[in-house]
Amino acid sequence: MTTSFSLPGLSYYQVDVFTHEALAGNGLSVFLPDSPLPARAMQRLAVEMRQFESIFLTPAGPGRRFEARIFTMEEELDFAGHPLLGAAGLLHHLHAARLPSADWTLMLGTRAVALSTTRLDGMQATYNARMNQGRATFKPALGRAESQAFLAALNLDASQLDIRFPLQVVSTGLPYLLVPAAGGLDRARIVHPAFEALLATVGAKFAYVLDVAAREGRTWDNAGLVEDIATGSAAGPVGAYLLQHGAAAAGDVITLKQGRFAGRPSKITVQANAAGEIMVSGGVVVLARGQFL
(Lines give C-alpha, C1' and ligand atoms only; values in the text may rest on other atoms or scores of the structure.)
Protein backbone atom coordinates (compact mmCIF):
# COMPACT_ATOMS: atom_id res chain seq x y z
CA MET A 1 0.00 0.00 0.00
CA THR A 2 1.51 3.31 -1.09
CA THR A 3 -0.63 5.71 0.93
CA SER A 4 1.07 8.05 3.39
CA PHE A 5 -1.54 7.30 6.06
CA SER A 6 -2.44 4.11 7.93
CA LEU A 7 -5.67 2.28 7.08
CA PRO A 8 -5.35 -1.20 8.68
CA GLY A 9 -8.09 -1.67 11.27
CA LEU A 10 -10.06 1.40 10.18
CA SER A 11 -13.76 0.57 10.57
CA TYR A 12 -16.72 2.02 8.75
CA TYR A 13 -20.44 1.44 8.52
CA GLN A 14 -22.92 1.60 5.70
CA VAL A 15 -26.28 3.15 6.60
CA ASP A 16 -29.36 4.16 4.62
CA VAL A 17 -30.95 7.52 5.43
CA PHE A 18 -34.45 8.95 4.90
CA THR A 19 -35.93 5.47 4.91
CA HIS A 20 -37.00 2.74 7.33
CA GLU A 21 -36.25 0.04 4.77
CA ALA A 22 -32.83 -1.49 4.14
CA LEU A 23 -31.38 -0.93 0.68
CA ALA A 24 -33.55 2.14 0.16
CA GLY A 25 -33.18 5.85 0.80
CA ASN A 26 -29.82 7.61 0.54
CA GLY A 27 -26.76 5.48 1.24
CA LEU A 28 -23.95 6.78 3.44
CA SER A 29 -20.51 5.59 4.55
CA VAL A 30 -19.61 6.53 8.14
CA PHE A 31 -15.95 6.21 9.12
CA LEU A 32 -14.84 5.89 12.75
CA PRO A 33 -11.06 6.43 12.91
CA ASP A 34 -9.32 6.23 16.28
CA SER A 35 -7.81 9.68 15.65
CA PRO A 36 -8.44 12.36 13.01
CA LEU A 37 -7.29 11.46 9.51
CA PRO A 38 -5.55 13.87 7.13
CA ALA A 39 -7.94 15.64 4.76
CA ARG A 40 -6.23 13.94 1.81
CA ALA A 41 -6.99 10.53 3.30
CA MET A 42 -10.64 11.35 3.90
CA GLN A 43 -11.02 12.66 0.36
CA ARG A 44 -9.52 9.49 -1.12
CA LEU A 45 -11.74 7.30 1.06
CA ALA A 46 -14.82 9.23 -0.06
CA VAL A 47 -13.81 8.59 -3.67
CA GLU A 48 -13.32 4.92 -2.88
CA MET A 49 -16.82 4.56 -1.39
CA ARG A 50 -18.46 6.50 -4.23
CA GLN A 51 -21.37 7.69 -2.10
CA PHE A 52 -22.80 11.14 -2.72
CA GLU A 53 -21.23 11.98 0.67
CA SER A 54 -19.18 10.20 3.36
CA ILE A 55 -18.74 11.33 6.97
CA PHE A 56 -15.83 10.89 9.41
CA LEU A 57 -16.41 10.95 13.18
CA THR A 58 -14.00 11.24 16.11
CA PRO A 59 -14.90 11.75 19.79
CA ALA A 60 -14.76 15.38 20.94
CA GLY A 61 -14.81 15.49 24.72
CA PRO A 62 -17.25 14.26 27.36
CA GLY A 63 -20.79 13.24 26.59
CA ARG A 64 -22.23 12.43 23.20
CA ARG A 65 -20.14 14.96 21.30
CA PHE A 66 -18.17 14.14 18.14
CA GLU A 67 -16.13 15.99 15.57
CA ALA A 68 -17.52 15.46 12.08
CA ARG A 69 -16.12 16.10 8.60
CA ILE A 70 -18.11 15.51 5.43
CA PHE A 71 -16.73 14.81 1.95
CA THR A 72 -18.23 14.33 -1.47
CA MET A 73 -16.15 12.64 -4.13
CA GLU A 74 -14.92 16.10 -5.14
CA GLU A 75 -14.54 18.16 -1.96
CA GLU A 76 -15.17 18.72 1.72
CA LEU A 77 -18.51 20.34 2.62
CA ASP A 78 -19.16 22.82 5.40
CA PHE A 79 -22.56 21.25 6.02
CA ALA A 80 -24.75 18.41 4.77
CA GLY A 81 -27.95 16.86 6.06
CA HIS A 82 -28.12 13.15 5.36
CA PRO A 83 -24.58 12.44 6.66
CA LEU A 84 -25.33 14.09 10.01
CA LEU A 85 -28.65 12.29 10.44
CA GLY A 86 -27.17 8.97 9.37
CA ALA A 87 -24.21 9.42 11.70
CA ALA A 88 -26.53 10.17 14.64
CA GLY A 89 -28.54 7.01 13.96
CA LEU A 90 -25.35 4.96 13.87
CA LEU A 91 -24.10 6.53 17.11
CA HIS A 92 -27.36 5.53 18.80
CA HIS A 93 -26.86 1.99 17.51
CA LEU A 94 -23.29 1.82 18.80
CA HIS A 95 -23.44 3.80 22.04
CA ALA A 96 -27.05 3.88 23.25
CA ALA A 97 -28.67 0.76 21.80
CA ARG A 98 -30.68 0.04 24.96
CA LEU A 99 -32.06 3.55 25.24
CA PRO A 100 -35.27 4.52 23.47
CA SER A 101 -33.90 7.99 22.67
CA ALA A 102 -30.65 9.95 22.84
CA ASP A 103 -29.20 13.36 22.06
CA TRP A 104 -25.98 14.08 20.17
CA THR A 105 -23.82 17.02 19.22
CA LEU A 106 -21.80 16.86 16.03
CA MET A 107 -19.19 19.55 15.51
CA LEU A 108 -18.61 20.83 11.98
CA GLY A 109 -15.66 23.10 12.59
CA THR A 110 -16.99 25.65 15.08
CA ARG A 111 -20.65 24.90 14.34
CA ALA A 112 -22.39 22.63 16.86
CA VAL A 113 -25.29 20.70 15.33
CA ALA A 114 -27.81 19.29 17.81
CA LEU A 115 -29.45 15.99 16.89
CA SER A 116 -31.81 13.58 18.62
CA THR A 117 -32.47 9.94 17.79
CA THR A 118 -35.21 7.46 18.63
CA ARG A 119 -34.98 3.68 18.33
CA LEU A 120 -37.88 2.07 16.47
CA ASP A 121 -39.12 -0.95 18.40
CA GLY A 122 -39.68 -4.08 16.37
CA MET A 123 -37.39 -2.91 13.56
CA GLN A 124 -33.80 -4.12 13.76
CA ALA A 125 -31.13 -1.39 13.69
CA THR A 126 -33.66 1.23 12.61
CA TYR A 127 -33.94 4.74 14.04
CA ASN A 128 -35.51 8.12 13.52
CA ALA A 129 -33.03 11.01 13.57
CA ARG A 130 -33.85 14.71 13.90
CA MET A 131 -31.57 17.70 13.55
CA ASN A 132 -31.87 21.40 14.30
CA GLN A 133 -30.58 23.30 11.26
CA GLY A 134 -31.18 26.70 12.89
CA ARG A 135 -32.81 29.68 11.24
CA ALA A 136 -32.58 30.00 7.47
CA THR A 137 -31.02 32.95 5.67
CA PHE A 138 -32.46 34.33 2.44
CA LYS A 139 -30.80 36.18 -0.41
CA PRO A 140 -32.93 38.55 -2.54
CA ALA A 141 -35.23 36.82 -5.02
CA LEU A 142 -33.88 36.58 -8.57
CA GLY A 143 -35.20 38.87 -11.26
CA ARG A 144 -36.75 37.68 -14.49
CA ALA A 145 -33.58 37.73 -16.60
CA GLU A 146 -31.51 35.87 -13.99
CA SER A 147 -34.33 33.35 -13.54
CA GLN A 148 -34.53 32.62 -17.25
CA ALA A 149 -30.80 31.89 -17.36
CA PHE A 150 -31.11 29.30 -14.61
CA LEU A 151 -34.23 27.73 -16.10
CA ALA A 152 -32.35 27.23 -19.36
CA ALA A 153 -29.35 25.81 -17.50
CA LEU A 154 -31.68 23.25 -15.91
CA ASN A 155 -33.35 22.30 -19.20
CA LEU A 156 -36.59 24.01 -18.19
CA ASP A 157 -38.64 26.74 -19.82
CA ALA A 158 -41.12 29.31 -18.54
CA SER A 159 -44.00 26.85 -18.78
CA GLN A 160 -42.38 24.69 -16.07
CA LEU A 161 -41.98 27.61 -13.64
CA ASP A 162 -44.46 27.99 -10.77
CA ILE A 163 -45.03 31.72 -11.24
CA ARG A 164 -46.42 32.11 -7.71
CA PHE A 165 -42.92 31.82 -6.29
CA PRO A 166 -39.47 33.30 -7.09
CA LEU A 167 -36.14 31.64 -7.68
CA GLN A 168 -34.21 32.36 -4.49
CA VAL A 169 -31.05 31.31 -2.65
CA VAL A 170 -31.79 29.98 0.84
CA SER A 171 -29.37 28.44 3.33
CA THR A 172 -29.31 26.66 6.67
CA GLY A 173 -25.61 25.96 6.25
CA LEU A 174 -25.28 25.25 2.54
CA PRO A 175 -26.78 27.79 0.09
CA TYR A 176 -29.21 26.33 -2.44
CA LEU A 177 -30.83 28.09 -5.37
CA LEU A 178 -34.44 26.93 -5.08
CA VAL A 179 -36.20 26.69 -8.43
CA PRO A 180 -40.00 26.44 -8.02
CA ALA A 181 -41.50 24.20 -10.69
CA ALA A 182 -45.05 23.46 -11.71
CA GLY A 183 -44.38 19.92 -12.92
CA GLY A 184 -41.65 19.11 -15.38
CA LEU A 185 -39.38 17.35 -12.90
CA ASP A 186 -38.88 14.52 -15.36
CA ARG A 187 -37.34 17.02 -17.78
CA ALA A 188 -35.07 18.77 -15.29
CA ARG A 189 -31.32 18.20 -15.63
CA ILE A 190 -28.16 20.30 -15.71
CA VAL A 191 -27.22 21.24 -19.28
CA HIS A 192 -24.98 24.25 -18.61
CA PRO A 193 -21.26 23.51 -19.20
CA ALA A 194 -20.14 25.66 -16.23
CA PHE A 195 -23.08 25.36 -13.86
CA GLU A 196 -21.05 25.76 -10.66
CA ALA A 197 -19.67 29.08 -11.90
CA LEU A 198 -23.19 30.19 -12.86
CA LEU A 199 -24.48 29.33 -9.38
CA ALA A 200 -21.62 31.31 -7.84
CA THR A 201 -22.94 34.48 -9.49
CA VAL A 202 -25.93 34.38 -7.12
CA GLY A 203 -24.08 32.98 -4.10
CA ALA A 204 -25.39 29.42 -4.36
CA LYS A 205 -23.49 26.16 -3.97
CA PHE A 206 -26.12 23.87 -5.54
CA ALA A 207 -29.53 24.12 -7.18
CA TYR A 208 -32.70 22.34 -6.08
CA VAL A 209 -35.67 22.04 -8.44
CA LEU A 210 -38.86 21.86 -6.38
CA ASP A 211 -42.33 20.92 -7.57
CA VAL A 212 -44.09 23.09 -4.99
CA ALA A 213 -47.53 21.49 -5.26
CA ALA A 214 -46.22 17.92 -5.16
CA ARG A 215 -43.51 18.77 -2.60
CA GLU A 216 -41.00 16.76 -4.57
CA GLY A 217 -37.51 17.82 -5.55
CA ARG A 218 -34.37 16.97 -7.50
CA THR A 219 -30.72 18.03 -7.19
CA TRP A 220 -27.41 16.91 -8.67
CA ASP A 221 -23.69 17.39 -8.42
CA ASN A 222 -22.83 20.51 -10.39
CA ALA A 223 -21.51 18.53 -13.33
CA GLY A 224 -24.96 17.00 -13.62
CA LEU A 225 -23.52 13.48 -13.56
CA VAL A 226 -24.90 12.20 -10.24
CA GLU A 227 -28.38 12.83 -8.87
CA ASP A 228 -28.69 13.00 -5.10
CA ILE A 229 -31.30 10.66 -3.63
CA ALA A 230 -32.37 12.70 -0.59
CA THR A 231 -30.79 15.98 0.45
CA GLY A 232 -31.14 17.06 4.06
CA SER A 233 -29.15 20.25 3.56
CA ALA A 234 -31.69 21.31 0.90
CA ALA A 235 -34.74 20.17 2.88
CA GLY A 236 -34.20 22.82 5.56
CA PRO A 237 -34.05 25.67 3.03
CA VAL A 238 -37.09 24.24 1.22
CA GLY A 239 -39.12 24.20 4.43
CA ALA A 240 -38.09 27.77 5.28
CA TYR A 241 -38.87 28.89 1.71
CA LEU A 242 -42.36 27.36 1.78
CA LEU A 243 -43.08 29.12 5.08
CA GLN A 244 -41.63 32.42 3.87
CA HIS A 245 -43.83 32.44 0.78
CA GLY A 246 -47.05 31.20 2.36
CA ALA A 247 -47.00 27.70 0.85
CA ALA A 248 -46.92 26.20 4.35
CA ALA A 249 -48.05 27.43 7.75
CA ALA A 250 -46.09 27.65 11.00
CA GLY A 251 -46.22 24.30 12.75
CA ASP A 252 -46.98 22.34 9.57
CA VAL A 253 -45.17 19.03 9.18
CA ILE A 254 -43.81 19.14 5.62
CA THR A 255 -43.03 15.85 3.91
CA LEU A 256 -40.59 16.32 1.05
CA LYS A 257 -40.21 13.56 -1.53
CA GLN A 258 -37.01 12.95 -3.46
CA GLY A 259 -35.13 10.12 -5.19
CA ARG A 260 -37.91 8.78 -7.42
CA PHE A 261 -35.94 9.48 -10.58
CA ALA A 262 -32.87 7.75 -9.12
CA GLY A 263 -34.87 4.63 -8.28
CA ARG A 264 -34.59 5.20 -4.50
CA PRO A 265 -37.77 7.02 -3.34
CA SER A 266 -37.12 8.81 -0.04
CA LYS A 267 -39.04 10.99 2.39
CA ILE A 268 -37.72 13.91 4.46
CA THR A 269 -39.73 15.59 7.20
CA VAL A 270 -39.33 19.33 7.83
CA GLN A 271 -40.91 21.50 10.52
CA ALA A 272 -40.20 24.89 12.08
CA ASN A 273 -40.10 25.04 15.88
CA ALA A 274 -41.49 27.89 18.00
CA ALA A 275 -38.21 29.80 17.66
CA GLY A 276 -38.34 29.62 13.86
CA GLU A 277 -35.52 27.09 13.69
CA ILE A 278 -35.81 24.46 10.99
CA MET A 279 -35.98 20.84 12.13
CA VAL A 280 -35.21 18.13 9.58
CA SER A 281 -35.76 14.44 10.28
CA GLY A 282 -35.83 11.03 8.65
CA GLY A 283 -35.32 7.34 9.13
CA VAL A 284 -31.93 5.65 9.46
CA VAL A 285 -31.19 1.96 8.88
CA VAL A 286 -27.78 0.60 9.98
CA LEU A 287 -26.96 -1.81 7.20
CA ALA A 288 -23.41 -3.18 7.33
CA ARG A 289 -19.99 -2.92 8.97
CA GLY A 290 -16.61 -3.03 7.23
CA GLN A 291 -12.97 -2.90 8.21
CA PHE A 292 -9.82 -2.16 6.25
CA LEU A 293 -7.20 -4.89 6.23
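For the single chain, residues carry numbers from 1 onward in sequence order. Just so you know, these numbers use all the heavy atoms, side chains as well, and skip hydrogens, waters and symmetry mates.
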Trainee: Can you tell me if Q14 and S29 form a side-chain donor-acceptor pair at under 3.5 Å?
Mentor: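 Distance-only check passes for Q14 and S29.
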Trainee: Please say whether more than 12 non-hydrogen atoms of neighbouring residues, nucleotides or ligands are located less than 6.0 Å from CG in N273.
Mentor: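 More than 12 within 6.0 Å, yes.
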Trainee: Roughly how far, to the nearest 0.5 Å, is CZ of R218 from CZ of R187?
Mentor: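 The CZ atom of R187 sits 12.5 Å away from the CZ atom of R218.
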Trainee: Do F292 and Y12 have ring centroids that are under 6.0 Å from one another?
Mentor: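 Yes, close enough.
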Trainee: For L156 and F150, what are the C-alpha separation, side-chain angles and deciding distance, and is it a side chain to side chain contact (heavy atoms under 4.5 Å, CB included)?
Mentor: CA-CA 8 Å; L156 300 171; F150 281 101; over 6 Å; no
Trainee: Please report the interatomic distance CG(L225) to CZ(R189), rounded to the nearest 0.5 Å.
Mentor: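 Spacing of CG (L225) from CZ (R189) equals 12.0 Å.
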Trainee: Rounded to the nearest 0.5 Å, what's the gap from CE on M279 to OG on S281? Could you check?
Mentor: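 It is 8.0 Å, given to the nearest 0.5 Å.
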Trainee: Please, which pairs that meet side-chain hydrogen bond (donor to acceptor under 3.5 Å, both in side chains) have at least one residue in residues 52-75, sequence neighbours excluded?
Mentor: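 Of all non-adjacent pairs touching residues 52-75, those that pass side-chain hydrogen bond (donor to acceptor under 3.5 Å, both in side chains) are E53-H82, R69-E76, T72-E74, E75-K205.
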Trainee: For R50, I'd like to know if atom CZ has over 12 heavy atoms of other residues, nucleotides or ligands within 6.0 Å.
Mentor: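 No - once you tally the heavy atoms of other residues, nucleotides and ligands closer than 6.0 Å, there are 12 at most.
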Trainee: Let me check something: do F206 and F18 share a hydrophobic cluster, defined by ILVMFWY side-chain heavy atoms less than 4.5 Å apart, either directly or through other members?
Mentor: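 Shared cluster, yes.
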Trainee: If I compare all heavy atoms of G27 with all of D16, which pair ends up nearest, and what's the gap?
Mentor: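 For G27 versus D16, the nearest heavy atoms are CA-OD1, 3.6 Å.
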Trainee: Going only through I, L, V, M, F, W and Y residues with side-chain contacts under 4.5 Å, is there a path from V17 to V286?
Mentor: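 Yes, it is one cluster - the side chains of V17 and V286 are joined through contacts under 4.5 Å.
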Trainee: Please name the pair of heavy atoms, one in H20 and one in N128, separated by the smallest distance, quoted to 0.1 Å.
Mentor: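 Answer, listing the atom of H20 first, then N128: NE2-OD1, 2.6 Å.
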